[in-house]
Each structure stands twice: as C-alpha cells, then as structure tokens.
Novice: 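First the structure, which I've put down as structure tokens, then a few questions once you've had a look.
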Amino acid sequence: MVRNIIIGLLAVAVVATGIWGFQEREDKQILKVTAENNYQRAFHELAFHIDQIEDQLGATLAMNSRRQLTPALADVWRIVSLAQENIGQLPLSSVDLGKTEEFLYKLGRFSYRTSIRDLEKEPLTDKEYETLEKLYDYSKEIREEVRKSQAMMLANGDQWLDIEEEMRATQEPLSNMVVKNLEVMNKSIQSYSETEWGAGLASIDDLNGELKEALDGDPVTKEEAEEIARKYLQINENTPVHVADTGNGLEYPAYTIVADDPDHETNYYMDMSVNGGEPIWFLQDRQIEEQNISLNEAVEIAEEYLEEHGKESMQLVDSRQYDSIAMLEFVHLEDNVRVYTDLIRIEIALDDGDVVGYEAKSYLIHHKDRDIPDPKLTNEEARDRLNPRLDVMEDHLAVVENDLGQEVLCYEYYGVIEDQTYRLFINAEDGEEEKVDRLNQSEPVYDFS
C-alpha cells in the first residue's frame, strides 16, 4: 500500500516537473518573441523616419517663405528625435555608430534652432542653404544603407536576437552584412563635421565636443587618476581599483574606472577626464536597503561632499526621493545669482548615507568667471508677466540657457496653481517667459511585503 502511494506521488511529481519545464520553456519563448518584435519594430520605424528626414530636408530646399520653412524645420527636429530613439532601442552597443548619432544630434539642434528663429527678420543665409543641401546629401547616404540593411533582413529572415548573441560571443569584427551596412553608413558621413552650420550656429557641438574644449587642465596619469577616484568614492588604499583608457568612443580623452565596494559586494563605475583629472560621472549600482536617514540629512551630506572636492558656492535647487534614494541637484551661486548651467547631480543612499551617484558634465562644460549684468526690469515688473493664477511662493535671480543656447539673466519664480508646483523664468531684460517647469512630487514608496 505504502509502495503504491510512493509510486503515485513520484508519478505526480514527474508530471508536475514536466508541466513546469514546459511552462518555463513557453515563457522564455514568449519573452524572446516579444524582444525580437520590439527590435524589428524599432528598426523598421528607424528606416521610415530616415526616409522622412530625407523627404523633409529635400522639401525645405524648395521653400522660400517663413510660413512654410519654420514648421518644416520643426518637423525635421521632431523626426530626428524619433530616429534617435529608434537607434537607442536596437542591440547595437558593440557597433560604432558614433558619427551617425552625432550627425543626427547636430541636425536636430540645427533644425530646431533655425525653426524658432524669426526668419522674417533673420532669413536663412546662403551658407545655411548650402548646409541644408549637404545635410540632404548625407541623409540620402544614411537612408540608402539603412534600406539595404532592411531589405537584407527581410530577404534572409535575419533576427536581431541572433545578431545580439553573435556580438556578445565574439571580439572579432562581425561577418553579418546587416551590421556591416550600418558601419558603412557611419563611415560614409564622417566628413559631415566639415559642414558650415550657418550664422550663429557654427559652434554647435555635442556635449562630448563641448566637454573636450572645457577640459584643458594638465593630463593626469593612471596612478593619479586612481588616487583621485579613491577620494571621490571614499574608499581606502586596500580596495582594488582598475583604471583603463576609454578608447576612441569619446571626443575627450578619459579613463574608465572600476572600483570594488566590499561593504556592499558590488562595484563603483566612473569616467574621469585625462585632462585635469575631473570625475565626469560615477555610479554605484546596488540594492538600497531600508531608509535610515532623512532627505534633509542627505542634503547636508551632499553639501559637505561638494565642498570637500572643491565645488564651492553650490546651492540646492531640487530634491526628490525615490524609494530609498535622494536625488539632488545643485547649481553654482555667483553674487547671489543661481547659475543653472553650472549643474551637478548627486544621489545619496538613504540607508547609510553613501554617495552612490554623481554627474558633473554640465558643470565642467559651463563653469567659468562671469560678469553678470544688473537686471533691466524690476522684480515687480517681471511679476506682472506671470500667469495671474500663479500663487508665488519664492523668487530668485538666475542665469539659464535659452533655446538658442545663450545664457540669459532671469527672475526665477516658484509658485502653485491648483496644488501643482511650477518654476518659471522671466527674462530680466525684456520680460519674455524663457522656461516653465512643472516640478515633480516625490515618488510614492510602495510596500508589497
């Protein structure tokens, strides 16, 4: 009797195991199909958006009126943003598409800044028309290679998951023709950097290019970079730290640094400039435990941290809490004026007060001595430009960057409309409304235990 019961239980267990294994296999297959569908969608949308960019750029060459040209260029900017998003969704981390991405970035900025300009008072110059012609030619080259890749994938039944697995499995150049076409596309537009971007726009550069110009200090060795990293990461001499060159992926020379964090059984990751030895960003990716310190205490930790590392006269302008992490933004304070371009972001773990995130790219690009002018409008005159429904809680003087990339002096107002908090910047010279931000509230903490 007992023997029969045991045999029955074993039979049930075998069947249950088989069902579980089958279900696991089915779930994995569903996930694979979903991932592949998302990759295919992103790729085919990319091809469609590249087509649209070429069409719209071609159309602008035939336009002669502001009424048509302004929305056409604005549409180019919108489509470029969609194409950039599509590229970011593809598994191409091992493929060098830096020039293509940089080209799209600059094309987006050129088209946006030109579209918001008053083209009646400041029409396109001959050089800017030449620029449009060159951009149109480059967009045709990009379109041709993307379309080739698309046709090849459809003809051969290639899958992005297979390409992704091949890229992970080998350090050698891929033989996959889809990837090769994309690399040819990237190489074919390298000469775009010689493009004349037009009056007032010749200095358009991506953030990496701007950072390269800003980082002009003396080069530091790997040994010196390691010592700087230890101070920023607050780790002792016995903690292993690995410093390596970043290679050719960035415009500026930099070190990639990986440091152990034995207390949390994880690592710190940092990028540091070779010139000047400035940490650009670092991150510690770990599970944050239950909160033990307050948001106010985290702000005090961050303020002391910035002072210790030579980032003086920094003022907190935004603080939020996501679960057990404090997300803090500081800007430089000069003559009691907030300089928003000189921005540093810091993340504090609320379990033990560790600095787990740091990003100073904007600060490193823009920080300099400034001669800030006096405002032409009084505070009261600027307030008259605000929405009358706004209940103003506080105000400051601030320097912000406008849509044309120019620094402008503004009155900054914090106010409330129907329980929503807003930050508004009114130009202190002409009273124009430069920026309006709706400030996010702290994210709710969910406990499912």
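Being a predicted model, the structure only gives us computed values, none of them experimental. The analysis underlying the following values was restricted to heavy atoms, covering all of them including side chains, and did not include hydrogens, waters or symmetry mates.
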Novice: For N236, look at atom CG and say whether over 12 heavy atoms of other residues, nucleotides or ligands are found less than 6.0 Å away.
Specialist: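 Correct, the count exceeds 12.
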Novice: Distance-only, no hydrogens or angles: does the S273 side chain make a donor-acceptor pair with backbone N or O of E278 under 3.5 Å?
Specialist: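 Looks like yes, one N/O pair under 3.5 Å.
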Novice: Could you work out, with side chain to side chain donor-acceptor pair (under 3.5 Å) as the rule, every residue matching D51, not counting sequence neighbours?
Specialist: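 Scan of D51 (side chain to side chain donor-acceptor pair (under 3.5 Å), adjacent residues dropped) gives R143, R147.
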Novice: Can you confirm whether K140 is buried at NZ, in the sense that more than 12 heavy atoms of other residues, nucleotides or ligands lie under 6.0 Å from that atom?
Specialist: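 More than 12 within 6.0 Å, yes.
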Novice: How about E434 and N402: does a side-chain donor come under 3.5 Å of a side-chain acceptor?
Specialist: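 No, no side-chain donor-acceptor pair sits under 3.5 Å.
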Novice: Checking salt bridge (charged side-chain N to carboxylate O under 4.0 Å, His left out) between D342 and each of K361, K311, R370, which is the one that passes?
Specialist: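 Going through K361, K311, R370 one by one, the salt bridge (charged side-chain N to carboxylate O under 4.0 Å, His left out) with D342 is satisfied by R370 alone.
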Novice: Mind checking whether H309 and Y305 have parallel, tilted or perpendicular rings, split at 30° and 60°?
Specialist: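 The rings of H309 and Y305 sit tilted, inter-plane angle from 30° to 60°.
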Novice: Spell out, as yes or no, whether a donor-acceptor pair under 3.5 Å connects the side chain of Y255 to the backbone of V220.
Specialist: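 Confirmed, Y255 side chain pairs with V220 backbone.
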Novice: Going by the rule ring-ring contact (aromatic ring centres under 6.0 Å, His included), which residues pair with Y358 if we only count those two or more places apart in sequence or in a different chain?
Specialist: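 Listed in chain order: Y232, F282.
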Novice: Ignoring hydrogens and geometry, is there a side-chain-to-backbone donor-acceptor pair from E381 to T378 under 3.5 Å?
Specialist: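 Checking the backbone N and O of T378 against the side chain of E381, a donor-acceptor pair under 3.5 Å is found.
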Novice: Side chain of S324, backbone of E289: donor and acceptor closer than 3.5 Å?
Specialist: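 Looks like yes, one N/O pair under 3.5 Å.
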Novice: Quick one: do N379 and Y413 satisfy side-chain hydrogen bond (donor to acceptor under 3.5 Å, both in side chains)? Show the steps, please.
Specialist: CA-CA 10 Å; N379 194 334; Y413 297 101; 2.7 Å; yes
Novice: Run the ring-ring contact (aromatic ring centres under 6.0 Å, His included) test against Y340 and tell me which residues pass, sequence neighbours left out.
Specialist: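 Scan of Y340 (ring-ring contact (aromatic ring centres under 6.0 Å, His included), adjacent residues dropped) gives F425.
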Novice: Go through it in stages, so that I can follow the logic: the residues are K376 and D430, the test is salt bridge (Lys or Arg N to Asp or Glu O under 4.0 Å), and I'd like the CA-CA distance, side-chain angles, deciding distance and then a yes or no.
Specialist: CA-CA 8 Å; K376 291 186 178 180; D430 58 19; over 6 Å; no
Novice: Checking N292 side chain against D351 main chain: does a donor-acceptor pair fall under 3.5 Å?
Specialist: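 Flag set: sc N292 to bb D351 pair under 3.5 Å.
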Novice: Are the side chain of E227 and the backbone N or O of E224 linked by a donor-acceptor pair below 3.5 Å?
Specialist: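 Such a contact is absent between E227 side chain and E224 backbone.
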Novice: Check the pair E45, H49 against side-chain hydrogen bond (donor to acceptor under 3.5 Å, both in side chains), reporting the backbone distance first and the verdict last.
Specialist: CA-CA 6 Å; E45 284 185 359; H49 291 139; 5.2 Å; no
Novice: Does the side-chain hydrogen bond (donor to acceptor under 3.5 Å, both in side chains) test come out yes or no for Q321 and Q291, once each step is laid out?
Specialist: CA-CA 11 Å; Q321 180 176 339; Q291 180 174 346; 2.7 Å; yes
Novice: For the residue pair Y414 / E412, report whether a side-chain donor-acceptor contact shorter than 3.5 Å exists.
Specialist: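 Looking only at side-chain atoms, Y414 and E412 do form a donor-acceptor pair, the distance falling under 3.5 Å.
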Novice: When you look at CD of E312, are more than 12 heavy atoms from neighbouring residues, nucleotides or ligands closer to it than 6.0 Å?
Specialist: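 No - once you tally the heavy atoms of other residues, nucleotides and ligands closer than 6.0 Å, there are 12 at most.
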